[in-house]
Structures are given as structure tokens and as C-alpha cells.
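Here's the structure, in C-alpha cells; my notes come after.
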Amino acid sequence: MIKICTSAFEPYKEIEAYQIQQKKSLAGKQGAANVFVGTMRDFNEGEEVKGMTLEHYPGMTEKQLQHVLAEAAEQWPLLDSLVIHRVGDVFPDDVLVLVAVWSAHRGAAFDACRFIMEALKSKVPFWKKEILKDGECRWVDKNTDGYVG
Amino acid sequence: MIKICTSAFEPYKEIEAYQIQQKKSLAGKQGAANVFVGTMRDFNEGEEVKGMTLEHYPGMTEKQLQHVLAEAAEQWPLLDSLVIHRVGDVFPDDVLVLVAVWSAHRGAAFDACRFIMEALKSKVPFWKKEILKDGECRWVDKNTDGYVG
Amino acid sequence: MSIKVRYFASLKELIGQATDDCEFVSGMTVQDVWQKLLPEKSMPANILAAINMEYVSLDTLVKDADELAFFPPVTGG
Amino acid sequence: MSIKVRYFASLKELIGQATDDCEFVSGMTVQDVWQKLLPEKSMPANILAAINMEYVSLDTLVKDADELAFFPPVTGG
């Protein structure tokens, strides 16, 4: 499932709520879940960040996320996946993104979750604009590769 | 933190409860959390499994888990980690293990969580005995490598 | 006979508008649309383009009534 | 002057007991303890041993009052 949130969300509560509907279909089969939660820090590239605005391209965002999940499901034997991404105005410690993946085996769960996160960061049309300490704004110009460091 | 549970636990509720105490120390710093949840399946090596008993070596379990977490903290810049493992009698869909890792960066969170899971599976003294459909019992004789498949 | 054009993020601020319309001419590419609408602005080297919400290269032909979007590298997650 | 010996999981079932005591003799190794307590049982090839809850190799010397554990490969997680 894919969800775009315009207000704060609690990632672990979302997973619990999602698992209730999911329960029947995964019963007995799910051996492994891997979950990634990305949170807003109060620093970036050496500067204090007070807040952020997350812009996106409604419609294309969902379409590209569907492509990413379909690609992951082709590469690994997944039972289910859930992606929630925040948009709009966010502040330090707000959750920005949740990716959860369910599989029979842990290797697939880890690999697929990470793949989805990297693909999301490089392909899905979200853009971050940071509000610095002095009130100045700057667009984040690129995402780093999460497979290194 | 390390916890050995003798009865069922809800992994996402445990993380939420843990994060309440943790909050102050991680405020503004945590950019990434990676969470692994291992759940009992109702099949293994082609056979239906009705239940399982998880034996462990009290004392050594905690000591070895501490070593694993210390090793992870040496290799990656971690902010915190949480491991909960179930022991005793378990049934399909019961959660067996939770590993959660917090870091400023996602690469470290993914790598460290996976490292902790693999080290736990190869070094920490837990043993599984499966109860099959016909009531027969068998000890699981080895864990597979989670970095492949 | 026109194409709907959208700009996002820093590119939207640079251009000073979020949307535009471009008269459709048979055989025109993504790059041609930019040239026609923004003849005085050079295209940023790392620009991305999408037609109807799917990524395309800059030499892709556009069709009448397409939605064409231009935007900088994505930075979500 | 004795060593506390513990067996776990399938090994405990194989041997039929969870604990044992072994008289300490200076210079004895982990393997010597097994030989002394279970002379008729060959040691499984994949056996693991721990002294005072830390992994050791089978040729490690034991000390008086050590807790020595034998167990099969671990299968947690």
C-alpha cells in the first residue's frame, strides 16, 4: 500500500493498523519484516535546520512508487509492502518516510526494503526545501547514495 | 537495550514504548531507524510446524548479545539499539525476535541491523525445537546465512 | 492542440511559474518545448522530464494533450 | 576443586542430563573434560563450547570453578 500524508504520522502505529487488515493473508507465511523509518534531523550539511517543506508531484508520486514496489516484488519473493511519505511542512523529529516489507525470509526483506528506499530517493518526485536557523531557505540539491556510508 | 521475553510481545508497541524514554537523547539527531521483526512461520524445510520451544542459555545469551551490539557500535555510528528475543513455547505468527537500530544515516542503520541479526543467529545461544503436525519433535540443526537469498 | 507544461521545486521558483501551455507542433521533442517556452533560459544540466507522469529523455517526441513536467533531481525520503 | 558442566538443547537430550560436575585436574582442556565425563560418547563434530559464558576452542585450558558449557550450533532469531 502507498500513502501520502499531509500531516504527522506515527510509523509504528501505522504498521500495527495495517497488519490488522493484512493478518489473514500473511498468516503462517511471514517469517520476516524489515522496516525503515526516516526522520527529520535538525542538521544537514553542517547547518542547523529549523524546518522543511516537502513538495511533490501528485499523481506521478504514486505512479513512481507503484513502479518501485512492482520492481521490488519482481526481484524478491515479497508477501506485502507498505510505503508512507510525508509532504508539506515538517519539523525536526517528524517522520518523513516509512517503508515496510514482509517476506518469508529475512534476506529478501532486508534487500527489498533497502532497494525501495534507494529507488524512492532517486526516482520518486519529492523535493525538500530547508529553512535554516536565520530564516533563509535552500533547496536540497541531491540525495546521497545510501549504499555507501 | 536487551530483553529476553518469556511471553508474547508486540514489537511495534515495544519500539514506541522504548522511544519515549529514548526521546531526549536522540532529539534532532536520528535520521534513520531500521527494524527487523522475525516471526514464526507454520512451515520449515517443507514440513508443517505446529509450535516450537525456544531454549537458551540464560546469562550467556545476554552476554553474547551485548558483544554483538558493541561490535555493531564499533563498526557503524549508531545512536541506539534494541534487541528483544522470545524464549519458551511459541506458535505460528508469534514474534520471535526484534532488532531496532537508530542512526543519523540510513546506510549505517540498514547495515548494522542486518549485522546484528546475522550475528545473533550465528553466535547467541538460542535453540529451536519444532513440533511437527504429527506431534513429532525435531531440533532445528542450523541457521542459514541471511546474506544470501 | 496544446501541451500542458508543469515546473516543480527550485525550477518553478527559477521560472516564476508552476504551469504553462505550449502550442503543439507535430514532431516536437521535450527539448523543443523548453526552447519554445523559455528561449532565454538555458536548460539546467541535471534537469529531469516526465510525460504523463513517466520519466522521458529530452529527445522524446511529445503528443498533443500531453502533460509535460520539468523538475530538478528528486530529494525525497 | 571442580568444574561445573552444562549441556544444552539436543546435546542435553542426547546425554540425558543438563548439568554435571567434573573433578578439576591442573592442565586439563575442554576436550579432556568431555573425555572424562563421557568416555563412551564421541564428541559431535559441530559442537560448541563456552567457559564462563564466553566461546572457547576445545583445546582451551579450564580453571578450577569454571562453568563449562557444551552445545550444538545455535538456531535463534
Side-chain angles (χ1 to χ4, degrees), chain A residues 2 4-5 36-41 44-45 49 52-68 70 83-88 90 95-99 113-130 137-146, chain C residues 2-22 24 28-34 36-38 40-77:
Chain A
I2 286 166
I4 305 300
C5 269
F36 179 83
V37 177
T39 305
M40 194 193 152
R41 294 186 311 244
N44 191 28
E45 314 240 327
V49 182
M52 211 158 66
T53 302
L54 263 157
E55 185 177 330
H56 78 127
Y57 183 174
M60 181 162 175
T61 303
E62 292 83 351
K63 206 169 190 175
Q64 295 301 320
L65 278 173
Q66 291 292 5
H67 289 336
V68 169
V83 176
I84 304 179
H85 203 291
R86 179 82 182 275
V87 294
V90 296
V95 171
L96 303 179
V97 60
L98 162 72
V99 176
C113 186
R114 191 160 192 172
F115 168 85
I116 291 167
M117 262 311 292
E118 296 309 312
L120 183 157
K121 287 203 157 235
S122 66
K123 293 180 189 166
V124 184
F126 294 106
W127 301 274
K128 288 182 185 131
K129 188 186 201 171
E130 295 174 335
C137 288
R138 69 174 178 198
W139 287 96
V140 175
D141 64 351
K142 63 172 187 297
N143 272 333
T144 51
D145 182 349
Chain C
S2 79
I3 287 159
K4 186 180 178 191
V5 180
R6 304 182 66 171
Y7 307 107
F8 288 93
S10 57
L11 199 61
K12 175 176 67 184
E13 292 186 358
L14 185 79
I15 292 165
Q17 61 196 90
T19 58
D20 205 346
D21 283 287
C22 179
F24 174 69
M28 80 196 302
T29 66
V30 168
Q31 200 143 15
D32 294 337
V33 174
W34 177 284
K36 194 158 179 182
L37 294 178
L38 305 160
E40 77 292 351
K41 282 207 162 66
S42 63
M43 211 180 222
N46 57 6
I47 201 169
L48 297 171
I51 292 178
N52 302 329
M53 303 181 178
E54 298 288 359
Y55 284 101
V56 292
S57 62
L58 301 177
D59 56 3
T60 304
L61 290 171
V62 293
K63 299 186 309 299
D64 185 32
D66 273 351
E67 173 170 306
L68 169 60
F70 290 107
F71 46 81
V74 304
T75 56

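Letters A, B, ... are given to chains in the order of the sequence lines, protein chains preceding strands, and every chain is numbered from 1. The analysis underlying the following values was restricted to heavy atoms, covering all of them including side chains, and did not include hydrogens, waters or symmetry mates.
- Pairing each heavy atom of A/V140 with each of C/T75, the nearest pair is O-CG2, 3.3 Å.
- Annotation: side chain of A/Q64 is in contact with side chain of C/E54 (closest heavy-atom distance under 4.5 Å).
- Contact record, C/V74 with A/N143: O-ND2, 3.6 Å, taken as the closest heavy-atom pair.
- Residue A/V124 touches chain C through its backbone alone, counting heavy-atom pairs closer than 4.5 Å.
- Heavy-atom neighbours of chain A within the stretch residues 56-71 of chain C, taken at a separation under 4.5 angstrom, comprise C/E67, C/A69, C/F71.
- Side chain of A/K123 to main chain of C/Y55: no donor-acceptor pair is present (N/O by atom type, distance under 3.5 Å, no hydrogens or angles).
- With a threshold of 4.5 angstrom between heavy atoms, A/K128 approaches chain C through its backbone and through its side chain.
- In this structure C/E13 satisfies the side-chain hydrogen bond (donor to acceptor under 3.5 Å, both in side chains) test together with A/K129, A/W139, sequence neighbours excluded.
- Residues C/M53 and A/E62 have side chains not in contact (no heavy-atom distance under 4.5 Å, counting atoms from C-beta outward).
- Every ring-ring contact (aromatic ring centres under 6.0 Å, His included) that C/F8 has, sequence neighbours left out, goes to A/Y57, A/W127.
- Residues forming a side-chain hydrogen bond (donor to acceptor under 3.5 Å, both in side chains) with A/D141 (at least two apart in sequence, or on another chain): none.
- Only the backbone of A/H56 comes within less than 4.5 Å of a heavy atom in chain C; its side chain stays farther off.
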